[in-house]
A.B. asks: 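Would you mind keeping the following structure in view while I ask a few things?
What you see is a predicted model, and the numbers here were worked out from it, not measured in a lab.
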Amino acid sequence: MIDCGLYQEREYRSRNWEPFPIPPHTLDAVLLTHAHVDHCGLLPKLAREGFRGKVYCTDATSEIAQIILLDSAHLHEEDAEFKRKRHQREHRKGPFPEIPLYTVDDAKASFPLFEPVKYGEIVQISDGVRATFHDAGHVLGSSMIKVTVSQEGEHRTIVFSGDIGRWDKPILRDPSVFNETDYMLVESTYGDRIHEAAPDISDSLATIVNSTWKAGGNIIVPSFALQRSQEILYHLNELVIEDRIPHLMVFLDSPMAVSITEVFKRHSELFDKEMSWLMRHNRSPFEFSGLKMIHTVDESKAINRISGTVMVIAGSGMCTGGRVKHHLVTNIPRRESTILFVGYQAIGTLGRQIVDGAKEIRILGQHYQVRARIAQIHGFSSHADRNELFRWLSELKRAPRRVFVVHGEPEAAENFGEFLREKKGWDISVPEYGAEALLD
Ligand SMILES: [Zn+2]
């Protein structure tokens, strides 16, 4: 099995509770492309329901996935408890049982199954099935996986793209490319979109930091723990080195982001040329002067007592939970502060309300006037857009037997499938959920 992700979209969430399409005990192995929860988030359930094989992935993916699975398990436990209390109060029952999808113990029980592999290493999965992992340039440790199946002297290769990263991104290497494969499963998250050309991220960041410093406010950055937080630190470090911003204190105030940053530090072998140069010359983006990693709640609260401009990077990325809510409470009513968004804000989230220009918001049961400046920096996406997906596929020197377009909203997948058919004339399939195909 390739990946074992959690459904996060409201319309598909019920699938998390359904039995797996294949009995878990009959699976030999899981090949995990990367640590995002929509790729690894159901592993604890798979293990609890009988899977005893190995979960192959890179070292970094294994370490980050375990941090993310523990966090996910905590959220499931909290959710179940919250629902149980609410249903009790309202004397009713909801569509799903008031038990967590999986617990912290379930998550921990899945950890011994992880089997780290290196990029390029040939891994024998079972009789006649081999796999190699290749850097996907999406998040630290992310992989594209090439599987070779051998039967009666015949071989077929299948490339699973996982999530495809982008060229020339900080910290990470460019996505690996493939010259040939018999079958291809390609993701299509941004299969129908093109990232707008964003102004230089460092320039935008410098402008925001300098103007907020002048106004005497703070800069609050809601951010995802994996990759985005580390990229912001990368850009800040660059600005500090080039002396383009004042020496302000920067707090990474998210236990999950701090733990994940530790994984980055341990895996400098995965960095691109520029990042490796910085590390060799003692200019690590994770250790510049003024940067402080926050662990405890007390330390987090103490940030509010500092006078003068500070920057706080905290989760969650869409302001739906986490410590960023407390920093918003203190800063969103202050005209001199800036709330800086660096990621996509889904409909229905607090972050979306703020970027859409709400004048008043509710946080933790209280109402607050929005007086702070609301800023956004685009260009952080770690997903290839349609043109980049096309560039990646165009490295194939001969037509695959078939390309399956997967892992996108139905519209994005259909759209990208059509685009590929037109441009390449290849055999393209956009399978529906649960569809079966014969690879011959
Ligand atoms: Zn991903």
A.B. asks: Which heavy atom of Phe264 sits nearest a heavy atom of Phe286, and at what distance?
C.D. replies: CB-CE1, 3.7 Å

A.B. asks: More than 12 foreign heavy atoms under 6.0 Å from CZ of Arg86: is that the case here?
C.D. replies: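 Above 12, so yes.
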
A.B. asks: Is a side-chain N or O of Glu187 found less than 3.5 angstrom from the main chain of Ile164, in a donor-acceptor match?
C.D. replies: yes

A.B. asks: Give, for atom CZ of Arg266 and atom OG1 of Thr261, the distance between the pair rounded to the nearest 0.5 Å.
C.D. replies: 11.0 Å

A.B. asks: Within a radius of less than 6.0 Å around CZ of Arg92, do more than 12 heavy atoms belonging to other residues, nucleotides or ligands occur?
C.D. replies: yes

A.B. asks: Tell me whether Ile122 at atom CD1 has more than 12 heavy atoms from other residues, nucleotides or ligands lying less than 6.0 Å away.
C.D. replies: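 For Ile122, atom CD1 is not crowded (no more than 12 foreign heavy atoms under 6.0 Å).
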
A.B. asks: Would you mind reporting whether Gln376 and Val355 have side-chain heavy atoms less than 4.5 Å apart?
C.D. replies: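 Sidechains of Gln376 and Val355: in contact.
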
A.B. asks: Does Ala412 offer a backbone N or O that forms a donor-acceptor pair with the side chain of Asn415 under 3.5 Å?
C.D. replies: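 Not confirmed, Asn415 side chain does not pair with Ala412 backbone.
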
A.B. asks: Are the side chains of Phe271 and Ser276 in touch, meaning some heavy atoms are under 4.5 Å apart?
C.D. replies: yes

A.B. asks: Kindly give the heavy-atom pair with the smallest separation between His87 and Glu98, and that separation in Å.
C.D. replies: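 Residues His87 and Glu98, closest heavy atoms: ND1-OE2, 2.8 Å.
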
A.B. asks: Please find the pair of heavy atoms, one from Asn237 and one from Arg283, that lie closest to each other, and give the distance.
C.D. replies: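 Heavy atoms of Asn237 and Arg283 come nearest at ND2-O, 2.9 Å.
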
A.B. asks: Tell me whether Ser204 contacts the main-chain N or O of Asp200 through its side chain, where contact means a donor paired with an acceptor under 3.5 Å.
C.D. replies: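 Looks like yes, one N/O pair under 3.5 Å.
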
A.B. asks: Scan Leu31, Leu185, Val159, Val123 and name whichever one has a side chain to side chain contact (heavy atoms under 4.5 Å, CB included) with Val147.
C.D. replies: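 It is Leu31, the one option of Leu31, Leu185, Val159, Val123 that forms the side chain to side chain contact (heavy atoms under 4.5 Å, CB included) with Val147.
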
A.B. asks: Tell me whether the NZ or CZ atom of Arg386 lies within the 45° cone about the ring axis of Tyr190 and under 6.0 Å from its centre.
C.D. replies: no

A.B. asks: Assess, by modelled atom type and distance only, whether the side chains of Ser229 and Ser223 contain a donor and an acceptor separated by less than 3.5 Å.
C.D. replies: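 Note: Ser229 and Ser223 side chains meet the donor-acceptor criterion.
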
A.B. asks: Could you check, using the six-membered ring where one of them is a Trp, whether His407 and His39 have ring centers closer than 6.0 angstrom?
C.D. replies: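 They qualify: ring centres under 6.0 Å apart.
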
A.B. asks: Check the pair Leu270, Tyr119 against side chain to side chain contact (heavy atoms under 4.5 Å, CB included), reporting the backbone distance first and the verdict last.
C.D. replies: CA-CA 10 Å; Leu270 302 177; Tyr119 288 134; 3.6 Å; yes

A.B. asks: Atom CD1 of Ile332 and atom NE2 of His327: how far apart are they, to the nearest 0.5 Å?
C.D. replies: 13.5 Å

A.B. asks: Which is it for His195 and His383 under the side-chain hydrogen bond (donor to acceptor under 3.5 Å, both in side chains) test, yes or no, and what are the steps along the way?
C.D. replies: CA-CA 9 Å; His195 296 312; His383 272 281; over 6 Å; no

A.B. asks: Give a yes or no on whether a salt bridge exists between Arg173 and Asp272, defined as a side-chain N under 4.0 angstrom from a carboxylate O.
C.D. replies: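 Salt bridge: no.
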
A.B. asks: Leu32 and Cys40: which non-hydrogen atoms are nearest, and at how many Å?
C.D. replies: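 What the structure gives for the nearest pair is CD1-CB, 3.7 Å.
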
A.B. asks: Please check this pair: side chain of Arg166 against backbone of Ser381, looking for a donor-acceptor N/O pair closer than 3.5 Å.
C.D. replies: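 Pair found, side chain donor or acceptor close to backbone of Ser381.
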
A.B. asks: Calculate, to the nearest 0.5 Å, the distance between atoms CE and CD belonging to Met275 and Gln230 respectively.
C.D. replies: 9.0 Å

A.B. asks: Do the side chain of Arg228 and the main chain of Pro222 share a donor and acceptor less than 3.5 angstrom apart?
C.D. replies: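 Side chain of Arg228 to backbone of Pro222, a donor-acceptor pair under 3.5 Å: no, none is there.
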
A.B. asks: Rounded to the nearest 0.5 Å, what separates atom CD1 in Ile428 from atom CG in Leu420?
C.D. replies: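 If I round to the nearest 0.5 Å, the distance is 4.5 Å.
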
A.B. asks: Could you tell me if Asp253 and Ser300 have a donor-acceptor pair between their side chains, going purely by distance under 3.5 Å?
C.D. replies: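 On atom types as modelled, these side chains qualify, holding a pair under 3.5 Å.
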
A.B. asks: Decide whether a cation-pi geometry holds between Lys45 and Phe20; the criteria are a distance under 6.0 Å from NZ or CZ to the six-membered ring centre and an angle within 45° of the ring axis.
C.D. replies: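 So Lys45 does make the cation-pi contact.
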
A.B. asks: Per the side-chain hydrogen bond (donor to acceptor under 3.5 Å, both in side chains) rule, which among Thr61, Asp163, Asp3 passes with Thr33?
C.D. replies: Asp3

A.B. asks: Looking only at non-hydrogen atoms, find the nearest pair between Val263 and Ala60 and report the distance.
C.D. replies: CG1-O, 4.1 Å

A.B. asks: Taking the side chain from Glu77 and the backbone from Val104, do they hold a donor-acceptor pair closer than 3.5 Å?
C.D. replies: yes

A.B. asks: Is a side-chain donor or acceptor of Thr212 paired with a backbone partner of Thr338 at a separation under 3.5 angstrom?
C.D. replies: no

A.B. asks: Using side chain to side chain contact (heavy atoms under 4.5 Å, CB included), reason through Ile363 and Leu350 one step at a time and then give a plain yes or no.
C.D. replies: CA-CA 8 Å; Ile363 308 174; Leu350 176 58; 4.0 Å; yes

A.B. asks: Is the backbone N or O of Ser382 less than 3.5 Å from a side-chain atom of His138, with the two atoms forming a donor-acceptor pair by type?
C.D. replies: yes

A.B. asks: Run through Arg401, Arg421, Arg402 and flag the one making a salt bridge (Lys or Arg N to Asp or Glu O under 4.0 Å) with Asp427.
C.D. replies: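 Only match with Asp427 under salt bridge (Lys or Arg N to Asp or Glu O under 4.0 Å): Arg402.
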
A.B. asks: Does atom NZ of Lys424 have more than 12 heavy-atom neighbours, drawn from other residues, nucleotides or ligands, at distances under 6.0 Å?
C.D. replies: yes

A.B. asks: Please report the interatomic distance CG(Asp135) to OG(Ser143), rounded to the nearest 0.5 Å.
C.D. replies: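 Those atoms lie 7.0 Å apart.
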
A.B. asks: Looking just at side-chain N and O atoms, do Ser202 and His235 make a donor-acceptor pair shorter than 3.5 Å?
C.D. replies: yes

A.B. asks: Closest approach of Ser142 and Gly137, non-hydrogen atoms and distance?
C.D. replies: OG-N, 3.6 Å

A.B. asks: Between Leu328 and Cys319, is there a side-chain heavy-atom distance shorter than 4.5 Å?
C.D. replies: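 The answer is yes; the side chains approach within 4.5 Å.
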
A.B. asks: Between Val250 and Phe288, is a side chain to side chain contact (heavy atoms under 4.5 Å, CB included) present by the stated rule, with each step listed?
C.D. replies: CA-CA 9 Å; Val250 176; Phe288 61 86; 4.1 Å; yes

A.B. asks: Within this structure, what is the CG-NE2 distance for the pair Leu252 and His295, rounded to the nearest 0.5 Å?
C.D. replies: 9.0 Å

A.B. asks: Tell me whether the count of non-hydrogen atoms from other residues, nucleotides or ligands lying under 6.0 Å of CD in Glu411 goes above 12.
C.D. replies: no

A.B. asks: More than 12 foreign heavy atoms under 6.0 Å from CG of Asn179: is that the case here?
C.D. replies: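 Counting neighbours around CG of Asn179, more than 12 heavy atoms of other residues, nucleotides or ligands fall under 6.0 Å, so yes.
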
A.B. asks: More than 12 heavy atoms of other residues, nucleotides or ligands under 6.0 Å from CD1 of Ile194: is that the case?
C.D. replies: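 Enclosed: over 12 neighbouring heavy atoms sit under 6.0 Å from CD1 of Ile194.
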
A.B. asks: Go through the steps for Arg13 and Glu9 under the test salt bridge (Lys or Arg N to Asp or Glu O under 4.0 Å), then give the verdict.
C.D. replies: CA-CA 6 Å; Arg13 239 179 264 165; Glu9 301 85 350; over 6 Å; no

A.B. asks: Counting heavy atoms not belonging to Glu18, are there more than 12 under 6.0 Å from its CD?
C.D. replies: yes

A.B. asks: Identify all side-chain donor-acceptor contacts of residues 65-75 below 3.5 Å with residues at least two apart in sequence or on another chain.
C.D. replies:
{"unit_1": "Gln66", "atom_1": "NE2", "unit_2": "Ser62", "atom_2": "OG", "d": "3.4"}
{"unit_1": "Ser72", "atom_1": "OG", "unit_2": "His76", "atom_2": "NE2", "d": "3.4"}
{"unit_1": "Ser72", "atom_1": "OG", "unit_2": "Tyr102", "atom_2": "OH", "d": "2.7"}

A.B. asks: Given Glu262 and Lys265, is the salt bridge (Lys or Arg N to Asp or Glu O under 4.0 Å) satisfied, shown in steps?
C.D. replies: CA-CA 5 Å; Glu262 289 302 320; Lys265 288 194 205 169; 3.4 Å; yes

A.B. asks: Using modelled atom types only, decide if a donor and an acceptor are shared between the side chain of Lys169 and the backbone of Phe380 within a distance under 3.5 Å.
C.D. replies: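 Yes, the answer is positive, given that a donor and an acceptor are paired below the 3.5 Å cut-off.
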
A.B. asks: Would you confirm whether Thr320, through its side chain, and Ser316, through its main-chain N or O, come within 3.5 Å as a donor-acceptor pair?
C.D. replies: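 Absent.
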
A.B. asks: Take Arg156 and Leu439 through the side chain to side chain contact (heavy atoms under 4.5 Å, CB included) test and state the conclusion after the steps.
C.D. replies: CA-CA 9 Å; Arg156 294 285 181 272; Leu439 309 186; over 6 Å; no

A.B. asks: Between Phe416 and Phe419, what is the ring plane arrangement, given parallel below 30°, perpendicular above 60°, and tilted in between?
C.D. replies: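 Answer is parallel, since the angle falls under 30°.
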
